[in-house]
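Notes follow the structure.
Below, chain A is the first sequence line, B the second, and so on; all start at residue 1. Owing to the predicted nature of the structure, the values given are computational and were not obtained by experimental measurement.
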Amino acid sequence: MRGRASGGGGGAGADGPLPGRGPSGDRARHPHRRPHPLREPEGGGRRPHRQRRGRARSVRASHRRGRLRYRHHPRRHLRAGRVPGRRHRARGGGRPRRPLRPSRAAAAGGAGRAPPRHRPQHGAVDPVRCAVRHRCPRRWHGGAHGRRARPAHGGRHRRAERADRSLLPQRRAPRAVAHPVRAASRVREEPGVSPPYRYDVTRSAASLHDEFGGLAPGTQTATTVSVAGRVMLRRVQGKLAFATLQDGTGRVQLFAPAAGTPRFDDFCDLSIGDWVGVTGEVITTRRGELSVKVTDWVVLAATRRSFPDKWHGIADVDTRYRQRYVDLWASDDARSTALARSRVLALTRRWLDERGFVEVETPVFHPIPGGATARPFTTHHDALDLDLYLRIAPELYLKRLVVGGMERVYEIARVFRNEGLSTRHNPEFTMLELYQAYADYTDMMAVVEELVVHLATTLCGTTRLTYDGRPLDLEPPWPRATMVELIEQHAGVRVDLSSPVDELRRICEDRGVHVEAGWGPGKLVLELYEKTTEAQLWGPVFVCDYPQEVSPLARDHREVPGMVERFEVIAAGRELANAFSELTDPDEQRRRFEDQAALRGGGDEEAMAVDADYLRALEYGLPPTGGLGLGIDRLVMLLTGTTAIRDVILFPTLRPEQGE
RNA sequence: GCGCCUCUAGCUCAACGGCAGAGCAACGGACUCUUAAUCCGCAGGUUCUGGGUUCGAAUCCCAGGGGGCGCACCA
């Protein structure tokens, strides 16, 4: 029952600077993105408009940006005066559903594309028909003056607004195949010549910015370096070409004059997304941009598929999840969240290791699913002809290890629960479970509090986070309250496990809480808490003392009858951790299992089954033990400010792709 | 599983029931300090699919498919 927590969010973070966050590495970051403490300060962003993350951001906002940008564009008057050309399809008249493509027309022996039936000259069309602006005399351009000058008036404006709303990323309709194979790439590997097997990289983008940041414009360093990465932007200007190279740490500009760049024409033909290795001198351009002046280069891998729109990135969230390998390039958030997760895991391990906890691995295949109440996935071992379950929690195995004398153990365990998907639930997620002998649940409170604060201060630099627009201060000590107290506070009723069941049932029903026959007082109280109180908590807060009836693995409360020594941590309105003083008495554990088995027999698919071997282990003696489960996914969400669990799981569970 | 929303060029998006378009990408050309480079040009469509209404459907209706959100399930 522990560690149901899982979560999703999005951010960035690191203990210490993330790679590529040097003074110039920040350039590519966008100033309008949601501020979050985990993200690095904006100070280095010299020209932060550079690239847009394909993240959850309204298209309207990008339109705004576009307008702002081009209002000050030096050549705006040229752009504004330019009326986009109109496209005409070959069409003989009428309205063919299937327009002839040139190839088909030729194949059909036709005369090829028919001349346009009516080719309006700009300005030749009744200017009154265009309500947008005088500049555009046409009516049927669709109002698509582009994001640079979206008209903002009249009905057209209203429609545009409506359309904008429909474009919010969450509501966009994804397409299964976003980036089809290109018909032909520009730079192919030379026929018969395969890319090199290795490439000597001497600097990363971030290290270049660290080492050479702040040079005056026009500096030549006489330092030759080799960098490698993906071409993300390309600016060819006749006899001079620029490219933006991105590697795992950040971005650096490539400067390629025709004189001095081998195979200059091929360099200009590099596609966005091609991997290249480049050797050259570190310089700054006249504008002061740190660059590598190309003296040699090689294609390491040519991309055969188009990269996402360099400005919008991937707006289609489904594509981002399905094609994370593209998302990681196109979206800074995707990268930084992945890195943040990695750091959470590394820091957690280090923190636990320093405190004498031993990391272990326990089976994923369980003959008897246990340790939580959840519906498991089933599988089958052919040789043993044995039905097995993917674990829903590692708990019972970890406590076996405590019986075996491993006094402090933990596992960062992928667990699997056969449940629906949501922004907070993925069928497989990661849970930290740890067990400490000679400790009780108050010790676990100290552990979770210290660990989370440690992670927050290391990764975010503060305990004062903002999540989903609301402040969340993790500064210890976190408040503690019993479930009964919280119910009284939020539902306005004092409940008591010793009350008659009918009375508790009536209390629930009075508050619109659905109840089922057969529920005992403990289940009723828990249900009352979950439906009336939990959603109102923001936290962090320790919710203490759960009914024994719903906690089959926790030890009876030393003072309150009917309760167990168990707490959950609510942070940002979500359950983050679950812990208790472990039940050590084998006889009591057997009774609890049998109660669960009865529920199971009654049709409760999530109730626990009797695990005879676990009981046998307890019979050998489990010392007093405190146990804690903590949802890593939800913790990462919290620390990165992301609100969808799919954003913190690199490859979330998705319906299989259709087609292609 | 239920409800709501959505699907237009490779991408991001326009288009009162009346000629399906733009920007970016791609392709051809110009350009030696760009940085979402710019400029000129050329291409690019089974408007998710199938029915229906209509003189006429991307647009309205029905069904199916994909996707999103919410609920339910679920710690």
Side-chain angles (χ1 to χ4, degrees), chain A residues 1-6 27 47 49-52 54 59 62-63 66 69 74-75 78-79 82 84-89 91 95 97-99 101-102 117-118 120 138-148 150 155-156 159-160 163-164 166-180 182-184 186 217-218 233-244 253 255 257-259 271-272 285-287 289 291 305-318 372-375 417-420 422-425 530 568 574-575 578 606 629 631 655 657-659:
Chain A
M1 284 224 131
R2 160 177 286 149
R4 23 204 115 127
S6 41
R27 277 153 62 276
R47 199 173 287 121
H49 270 285
R50 182 63 48 84
Q51 189 199 1
R52 182 213 181 301
V59 169
S62 70
H63 286 176
R69 179 178 180 79
R75 271 168 271 190
L78 296 177
R79 305 179 60 94
R82 178 179 166 232
R86 184 140 179 255
R87 299 286 138 80
H88 291 273
R89 277 221 317 281
R91 185 178 287 177
R95 205 173 168 198
R97 296 236 162 179
R98 192 177 301 205
R101 288 160 173 261
R117 193 180 45 176
H118 167 58
R138 298 175 302 122
R139 178 183 176 189
W140 291 292
H141 54 44
H145 289 281
R147 55 184 172 270
R148 293 157 187 171
R150 176 174 288 274
R156 187 176 294 273
R159 284 191 300 282
D164 277 355
S166 72
L167 297 179
L168 289 173
Q170 305 89 316
R171 305 177 63 195
R172 286 236 344 95
R175 222 151 285 107
V177 184
H179 309 293
R182 285 195 288 184
R186 294 153 64 99
L233 294 169
R234 196 169 45 96
R235 299 174 290 280
V236 177
Q237 190 170 321
K239 300 266 186 297
L240 182 62
F242 300 88
T244 300
Q253 178 169 271
F255 177 87
S271 289
I272 291 173
T285 62
R286 282 179 210 163
R287 295 285 183 87
E289 174 91 6
S291 307
R305 291 179 181 253
S306 299
F307 251 55
D309 187 289
K310 63 188 176 188
W311 180 247
H312 295 96
I314 310 176
D316 176 352
V317 294
D318 188 64
T373 53
R375 195 186 318 160
R417 300 189 181 178
N418 208 338
E419 302 163 355
S422 78
T423 53
R424 291 176 297 280
H425 297 86
E530 289 186 343
E568 289 190 357
R574 296 146 199 258
E575 175 200 328
N578 184 18
E606 284 132 23
R655 190 187 304 273
E657 206 167 348
Q658 305 290 316

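Between A/Leu233 and A/Gln253, every side-chain heavy-atom pair lies at or beyond the 4.5 Å cut-off.
Distances shorter than 4.0 Å separate some side-chain N or O of A/Arg234 from OP1 or OP2 on B/A26. Contact annotation: A/Gln237 side-chain N/O to B/U38 OP1/OP2 distance is not under 4.0 Å.
Remark: the separation of the P atoms in B/G18 and B/A58 is 10 Å, to the nearest Å. Comparing the same atom, P, in B/A15 and in B/C71 gives a spacing of 31 Å after rounding to whole Å. Here the separation of B/U38 from B/C61, taken at their P atoms, is 41 Å to the nearest Å. Spacing between B/A22 and B/C31 at atom P, rounded to whole Å, works out to 27 Å. Comparing the same atom, P, in B/C7 and in B/G17 gives a spacing of 14 Å after rounding to whole Å.
As the counterpart of B/G1, B/C71 is assigned, both hydrogen-bonding distances of the Watson-Crick or G-U wobble pattern falling under 3.5 Å. Across every strand in view, B/A43 sits unpaired, with no contact that passes the Watson-Crick or G-U test at under 3.5 angstrom. Across all strands shown, nothing is found opposite B/C33 as a Watson-Crick or G-U wobble partner with both distances under 3.5 Å. B/G18 is paired with B/C55 under the Watson-Crick or G-U wobble criterion, all donor-acceptor distances under 3.5 Å. Remark: B/G10 base-pairs with B/C24. Criterion, Watson-Crick or G-U wobble with two distances under 3.5 Å.
Going from atom CG of A/Leu240 over to atom C1' of B/U38 covers 14 Å, rounded to whole Å. The CZ atom of A/Arg235 sits 12 Å away from the P atom of B/A25 (whole-angstrom rounding).
Among the nucleotides B/C73, B/C33, B/C31, the one closest to any side-chain atom of A/Arg375 is B/C73. Minimum atom distance to the side chain of A/Lys239 is reached by B/U32, of the listed B/C33, B/C69, B/U32.
With values rounded to the nearest 0.5 angstrom, A/Glu575 atom CD is found 8.5 Å from A/Glu530 atom CD.
Across the interface with RNA chain B, nearest-nucleotide mapping of A/Ala374 and A/Phe255 shows A/Phe255 to be the residue nearer the 5′ end.
Qualifying side-chain contact (heavy atoms from CB on, under 4.5 Å) partners for A/Ala243, counting only residues two or more places apart in sequence or in other chains: A/Val231, A/Leu254, A/Phe267.
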